[in-house]
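Below is one structure, written out as structure tokens; comments come after it.
Below, all heavy atoms of this structure are taken into account, side chains as well, without hydrogens, waters or symmetry copies. Chain letters run A, B, ... following the sequence lines, proteins first and then strands; every chain starts at 1. Values in this document were obtained by computation on a predicted structure and should not be read as measured data.
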Amino acid sequence: MSDTVIKIENLGKKYMLAHKQPQKYIALRDVLVDRAKRLGRRLTRPFSDGVAAAKASGTEEFWALSDVSFDVKQGERVGIIGRNGAGKSTLLKILSRITEPTTGRVSIKGRIASLLEVGTGFHPELTGRENIYLNGAILGMSKAEIRKNFDAIVDFAGVEQFLDTPVKHYSSGMYVRLAFAVAAHLDTEILLIDEVLAVGDAEFQKKCMGKMDEVSHKEGRTILFVSHNMPMVASLCESGIWLERGKIVDQAAISSLVVKYSNMRKEGAGCSIDFSPGEYANAIAELLSASIENNKGQVCGEFAITEPIHLKMKYQIKKENISLTPNFHVYDSTGQCVFVASDGGFDCAGTRKASLGTYIASCTIPGNFMNDGAYSVGFALSTMPTVTVHFYAQNALNFIVLDDLLNTPTRGLYRGPLPGAVRPLLEWDSEKVS
Amino acid sequence: MPDRKDPTEKLDFDLIIEPNRTASAFFKELVRYRELFYFLAWRDILVRYKQTAIGIAWSVIRPFLTMVVFSVVFGRLAKLPSEGVPYPILVFSAMLPWQYFANAMQESSNSLIAESRLISKVYFPRLIVPTSSVIVSAVDFFISLALLGILMLWYGFTPSPGIAFLPFFFLLATLAALGAGFWLSALNVKYRDFRYIVPFLVQFGLYVSPVGFSSSVVPERWRALYSLNPMVGVIDGFRWCVQGTGSFYLPGFAVSVAVSAFLFWSGIKFFRRTERFFADFI
């Protein structure tokens with residue numbers, strides 16, 4: 001209890017939705033006209049009921065959040081996932097006090113800062129230097145704090161030569177880098193982050209991820225992170241909350257939540273998927289279905305680290321006499337490719353020609369090979385050596401590998417984290433030589 | 001921070017967010033965010049004088065040309081009494097506070113809409129936005145004040161010792177502008193057509209305020225009523241400071257001060273009551 005830094009109880013947020021209003025804003029003119037109309041109606045029909053009146057005025061209640069309760073502990077990194085409009089951003093907005101809840105209560109311990117957007121308050125006419133101070137102040141830093149971090153910010157953004165150039169002359173990459181750099185040097189105990197990392201080029205994203213990781217792991221800060229980018233959430237957070245239509249659907253360790261969420265999104269039950277006709281197809285071949293199965297032949301998404309994992313795809317060949325190589329692509333939760341495997345190696349000699357028909361290609365990842373964590377699998381069929389891809393269902397299915405910390409030969413009695421995308425059980429030989 | 005439900009938890013948490021809970025540490029928070037206030041004002045000034053080469057010139061040309069027109073129309077053509085003061089000085093010493101008030105009110109009533117991105121993405125005491133936007137107008141005011149000094153040198157006009165009270169009337173104008181600004185900026189968020197009302201108010205105000213003429217032309221028995229326009233007190237005060245003429249009407253002035261103070265106080269009240277919905281509407 002004492003190390004709870006955010007306590008959320010029965011939080012709810014109601015919006016009034018207007019149906020007939022085509023424009024977003026209310027005009028006083030319309031309000032007056034509406035009032036006059038309603039008055040007129042009341043005068044002509046004094047006994048009509050209120051519901052009808054509400055309907056006539058064209059508004060409807062909409063609960064963006066309802067009855068959301070959870071606690072966040074000191075140093076915890078919580079990922080909040082869910083579809084668009086699930087209430088993720090509303091939750092962050094309430095926590096950062098931008099908008100007020102309709103019901104419930106939030107209690108917060110420590111300084112809180114929110115990053116709902118990169119570069120809030122940047123002014124194009126001002127120079128990089130001026131914008132650093134301005135943006136810092138907007139995010140809640142004091143002048144002294146900004147001055148202290150100034151060099152680190154400039155260094156991180158890599159804009160030394162352009163410090164005294166108005167940011168309107170910056171490239172969009174530079175702009176984003178500078179904006180993120182200011183935000184990354186925020187010095188609060190709790191950080192609320194909304195998808196701001198989904199900006200910049202891949203190189204810079206990596207740098208951002210590194211920085212976020214440093215901030216959360218080494219400095220022990222509490223982070224709430226909202227994103228659509230599952231690999232990012234999975235690698236940054238440890239626990240997760242899944243929101244759907246303003247309610248919490250599930251709350252669990254992020255790795256299992258990401259898998260559940262990703263598979264749910266594919267509308268398939270468990271870890272198999274039937275592709276719709278033509279979804280992954282060309283004139284030569286078509287992908288029909290794919291699945292991940294356990295040793296008993298059951299479709300499965302969760303595996304013990306010692307268990308073998310079977311990847312399977314069913315496809316149809318529509319043209320004869322072409323050399324085809326089935327291949328599977330496995331990625332880890334950070335988006336890093338773990339391996340690409342193919343049936344018997346890529347056939348570059350063109351010797352393995354298939355006849356018309358439906359095929360099943362499967363491969364087995366042995367037990368004690370993957371590390372614990374979440375992975376995604378892509379299914380592909382290609383012709384070599386020209387690398388003609390007939391279909392490639394990228395990240396089509398997900399699975400998760402769990403380490404129960406008990407009978408893991410690759411671990412022993414050590415309980416700490418073991419980094420890496422794989423953790424293979426290798427042959428070892430250690431002997432005394434002198 | 002009072003906690004209604006569970007007093008034992010009060011010690012544990014620094015911040016409680018609940019419906020209809022206005023931050024009780026309001027003034028403490030304003031103090032904590034004072035640097036943001038400085039930065040926003042500093043940004044507005046920087047941008048204003050960077051963006052337009054005629055930034056400074058503009059703040060001089062506008063009141064100057066208006067002064068010329070008023071001097072000709074009211075002084076030469078309508079031949080209104082000038083109490084022995086050169087008509088341009090009579091007009092300009094009224095033009096100054098009026099322009100300041102009008103600009104400040106306009107800037108602050110548009111300020112929340114102009115900063116809509118900030119308001120929907122970051123938390124800070126919202127009152128900072130309309131308040132800091134007044135600063136640019138204040139800078140313009142001081143530039144025009146220098147112009148008045150030049151004008152007085154030109155006419156060889158010595159100001160009365162009352163000029164020491166000028167800062168007081170400046171503050172009064174600020175109070176009135178802020179009060180109006182708080183009201184209008186908050187209303188502007190909800191009712192977007194309010195912005196059409198503001199320019200009208202400014203134009204209308206220019207003619208009902210004693211800018212082009214001295215308020216001594218108003219019959220004595222109407223002057224207290226006339227002073228319900230808070231700018232009457234301010235402008236009369238300015239004239240009294242600069243020219244030292246006796247058109248200063250104390251009961252009327254008291255009315256203007258009271259109206260300004262009420263406008264300011266009620267503006268803050270209204271702003272504070274509506275500010276928690278800003279992000280939902282903006």
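- Only the backbone of A:Ser96 comes within less than 4.5 Å of a heavy atom of chain B; no side-chain atom from C-beta onward does.
- Considering only heavy atoms from C-beta on, A:Thr99 stays 4.5 Å or farther from B:Arg276 through its side chain.
- With salt bridges taken as basic N to acidic carboxylate O contacts below 4.0 Å, one links A:Arg97 and B:Glu29.
- With a threshold of 4.5 angstrom between heavy atoms, A:Thr127 approaches chain B through its backbone and through its side chain.
- For B:Glu18 against A:Pro101, the heavy-atom pair with the smallest separation is C-CG, 4.0 Å.
- A salt bridge between A:Lys143 and B:Glu35 is absent, with no side-chain N of the basic residue lying under 4.0 Å from a carboxylate O of the acidic one.
- At a threshold of 4.5 Å between non-hydrogen side-chain atoms, the residues B:Pro19 and A:Thr102 do not count as touching.
- The neighbour count for B:Phe142 CZ, taken as heavy atoms of other residues, nucleotides or ligands under 6.0 Å away, is above 12.
- For a residue to count as touching a neighbouring chain, one of its non-hydrogen atoms must lie under 4.5 Å from one of that chain's; by this rule A:Leu92 does not touch chain B.
- Both the backbone and the side chain of A:Ser142 come within less than 4.5 Å of a heavy atom in chain B.
- Atom CD of A:Gln161 sits in a crowded spot, with more than 12 heavy atoms from other residues, nucleotides or ligands closer than 6.0 Å.
- Qualifying ring pair (Phe, Tyr, Trp, His ring centres under 6.0 Å) partners for B:Phe270, counting only residues two or more places apart in sequence or in other chains: B:Trp183.
- At a threshold of 4.5 Å between non-hydrogen side-chain atoms, the residues A:Leu126 and B:Arg43 count as touching.
- For the pairing with A:His123, the side-chain contact (heavy atoms from CB on, under 4.5 Å) check across B:Asp44, B:Val47, B:Leu46 returns one residue only, B:Val47.
- Residues of residues 110-122 of chain B placed with any heavy atom under 4.5 Å of a heavy atom in chain A are listed by number as B:Arg117, B:Leu118, B:Ile119, B:Ser120, B:Lys121, B:Val122.
- Residues of residues 130-138 of chain A placed with any heavy atom under 4.5 Å of a heavy atom in chain B are listed by number as A:Glu130, A:Tyr133, A:Leu134, A:Ala137, A:Ile138.
- For A:Phe122, the ring pair (Phe, Tyr, Trp, His ring centres under 6.0 Å) test picks out A:Tyr175, with sequence neighbours left out.
- The contact between B:Arg126 and chain A is made entirely by side chain atoms (from C-beta outward), counting heavy-atom distances below 4.5 Å.
- The pair B:Asp280-A:Lys13 meets the salt-bridge criterion, since a charged nitrogen lies less than 4.0 angstrom from a carboxylate oxygen.
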